[in-house]
Number of protein chains: 2
Amino acid sequence: MTFSTRELIVREADQIFYEKGFEAASFSDIAAAVGISRGNFYYHFKTKDDILDAVITHRLATTRAMLDDWARQSPSAVDRIMSFIQMLISNQTTIMAFGCPVGTLCSELAKLDHAARTRAAAIFGLFREWLEEQFRELGQTGNASELALHLLARSQGIATLANAFRDEDFVCTEVAALKAWLQSIIDDSSDKNRKERKNECT
Amino acid sequence: MTFSTRELIVREADQIFYEKGFEAASFSDIAAAVGISRGNFYYHFKTKDDILDAVITHRLATTRAMLDDWARQSPSAVDRIMSFIQMLISNQTTIMAFGCPVGTLCSELAKLDHAARTRAAAIFGLFREWLEEQFRELGQTGNASELALHLLARSQGIATLANAFRDEDFVCTEVAALKAWLQSIIDDSSDKNRKERKNECT
DNA sequence: TACAAATTGGGACGGTTGTCCTAATTGTGT
DNA sequence: ACACAATTAGGACAACCGTCCCAATTTGTA
């Protein structure tokens with residue numbers, strides 16, 4: 001697998017924006033990481049905002065691909081949502097060091113009053129819509145949107161506090177609570193279905 | 001009420017750090033807000049980090065004072081925790097614009113690998129310990145710490161998504177869910193107490 | 001009123017930033 | 001081998017940053 005210089009820039013910028021923040025990340029940082037000169041930058045991207053746009057586009061694409069993978073790998077909607085929750089565990093180290101890539105970028109761009117703010121929030125939108133779809137598939141047709149936002153918010157809160165306190169146990173406890181919450185939704189739903197089925201019989 | 005120049009600087013810096021972020025906030029910004037010259041700054045604070053330290057100290061003090069007020073105004077632990085939750089409503093506008101002051105500062109300092117990172121997280125620590133105390137007073141002696149962290153995390157998640165999506169309804173829905181969650185804890189606890197009392201009678 | 005201390009404004013400093021230009025190098029098709 | 005386009009490195013640039021100095025001004029005090 002070989003990448004063009006432009007792709008390399010986007011990938012390195014993505015990582016550096018995540019680790020240092022957009023504002024604190026400089027052209028020099030990215031150039032050094034890619035292994036090119038600062039001057040060469042202008043050929044690929046006119047401004048720093050152009051790089052940010054490309055990074056967000058890249059993140060939108062990789063997020064979509066990840067969600068598609070989850071959907072492909074597990075036929076059950078519960079397992080798919082579990083994949084989302086499990087992300088907090090598999091990315092635990094980087095989350096404790098730098099927070100959630102999406103949440104922290106959105107926060108920073110909001111403070112900078114940056115034009116790309118909306119596009120960054122669209123990454124959240126992908127998760128939101130995907131989760132919404134999974135909950136709808138679980139039979140939660142009426143409140144799928146609320147459940148999706150709720151899960152998204154819980155994850156964000158866990159990431160923020162994990163980053164602030166650097167507490168591994170906290171993440172494990174909260175993830176367990178999140179899985180229990182999901183299970184309780186399924187249980188409630190099947191209880192309801194059973195009742196409805198019973199009503200149909202009478 | 002009159003403030004010294006030093007106090008004015010801290011207050012304005014506090015606000016500007018919140019709205020623009022620590023890195024993006026410049027001496028010029030703060031000086032303009034206070035109404036003093038840039039040069040005069042050095043007399044009160046040697047470095048930008050010194051200002052940050054003073055701002056964090058100020059936030060620690062105001063947070064402590066606010067928590068004390070809540071404790072003083074409502075004798076019941078439930079109402080005190082409700083005061084905390086209600087904060088999401090009363091600060092809704094600024095949260096949607098700039099996120100949570102504590103969470104966003106911690107995230108930024110973590111990315112900057114700043115020395116003041118720990119001290120900023122200590123503001124979270126104040127809320128954590130205070131909430132822990134309230135839950136303990138509610139009879140949740142065994143899991144007061146988990147409950148406190150859980151509530152803190154939920155609030156952070158709500159703030160982050162409220163900022164990203166700028167959705168008022170979402171905040172209201174989640175705050176209602178949070179209050180219901182608190183109520184369910186009380187109900188469970190009183191159920192348990194009733195059972196225990198019944199057992200004592202038999 | 002006079003003197004010392006506290007406080008202030010204006011500006012200089014070295015460094016870094018994003019941006020942009022240009023000359024040199026590399027690659028490609030004929 | 002040649003011409004032409006794509007790509008590169010290096011550096012210039014103006015603006016801004018945090019920092020720092022110093023002379024002027026204000027304030028407090030004897």
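No hydrogens, no waters, no symmetry mates; every other heavy atom, side chains included, goes into these values. A, B, ... follow the sequence lines: proteins, then strands. Residue 1 opens every chain.
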Find the distance [X]:[atom1] to [N]:[atom2] and express it as a whole number of Å.
X: B:E23; N: C:dG18; atom1: CD; atom2: P; answer: 11 Å
X: A:D29; N: C:dG15; atom1: CG; atom2: C1'; answer: 15 Å
X: B:F45; N: C:dT7; atom1: CZ; atom2: C1'; answer: 14 Å
X: A:K46; N: C:dC21; atom1: NZ; atom2: C1'; answer: 11 Å
X: A:L52; N: C:dG18; atom1: CG; atom2: P; answer: 13 Å
X: A:L8; N: D:dT8; atom1: CG; atom2: P; answer: 10 Å
X: B:F41; N: D:dT19; atom1: CZ; atom2: C1'; answer: 13 Å
X: B:E7; N: C:dT7; atom1: CD; atom2: C1'; answer: 16 Å

Among [options], which is the nearest nucleotide to the side chain of [X]?
X: A:N40; options: C:dT7, D:dT19, D:dT8; result: D:dT8
X: A:K48; options: D:dT19, D:dT8, C:dT19; result: C:dT19
X: A:Y43; options: D:dT8, C:dT8, C:dC21; result: D:dT8
X: B:R38; options: C:dT19, C:dA12, D:dG10; result: C:dA12
X: B:S28; options: D:dC17, D:dT19, C:dT19; result: D:dC17
X: A:I36; options: D:dT19, C:dC20, D:dA9; result: D:dA9

Using a strict threshold of under 4.0 Å (side-chain N to carboxylate O), is an ion pair present between A:R72 and A:D69?
yes
Between A:R80 and A:E137, is the closest basic N to carboxylate O distance under 4.0 Å?
yes
Are A:K20 and A:Y18 in a cation-pi contact, defined as NZ or CZ under 6.0 Å from the six-membered ring centre and within 45° of the axis?
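Here A:K20 fails the 6.0 Å and 45° test against A:Y18.
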When you measure from the centre of the six-membered ring of A:F17, is the NZ or CZ of A:R59 under 6.0 Å away and within 45° of the axis?
no
Closest nucleotide of DNA chain D for A:H44 versus for B:T47: which of these residues is on the 5' side?
A:H44
Does a nitrogen or oxygen in the side chain of A:S26 sit under 4.0 Å from OP1 or OP2 of C:dT17?
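Yes, A:S26 has a side-chain N/O under 4.0 Å of OP1/OP2 on C:dT17.
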Considering just the side-chain nitrogens and oxygens of B:Y42, establish if one lies under 4.0 Å of OP1 or OP2 belonging to D:dC20.
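Yes, B:Y42 has a side-chain N/O under 4.0 Å of OP1/OP2 on D:dC20.
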Is it the case that B:T160 and B:N163 place a side-chain donor and acceptor less than 3.5 Å from each other?
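No.
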So B:A25, base contact, sugar-phosphate only, or nothing? Heavy-atom distance under 4.0 Å.
sugar-phosphate
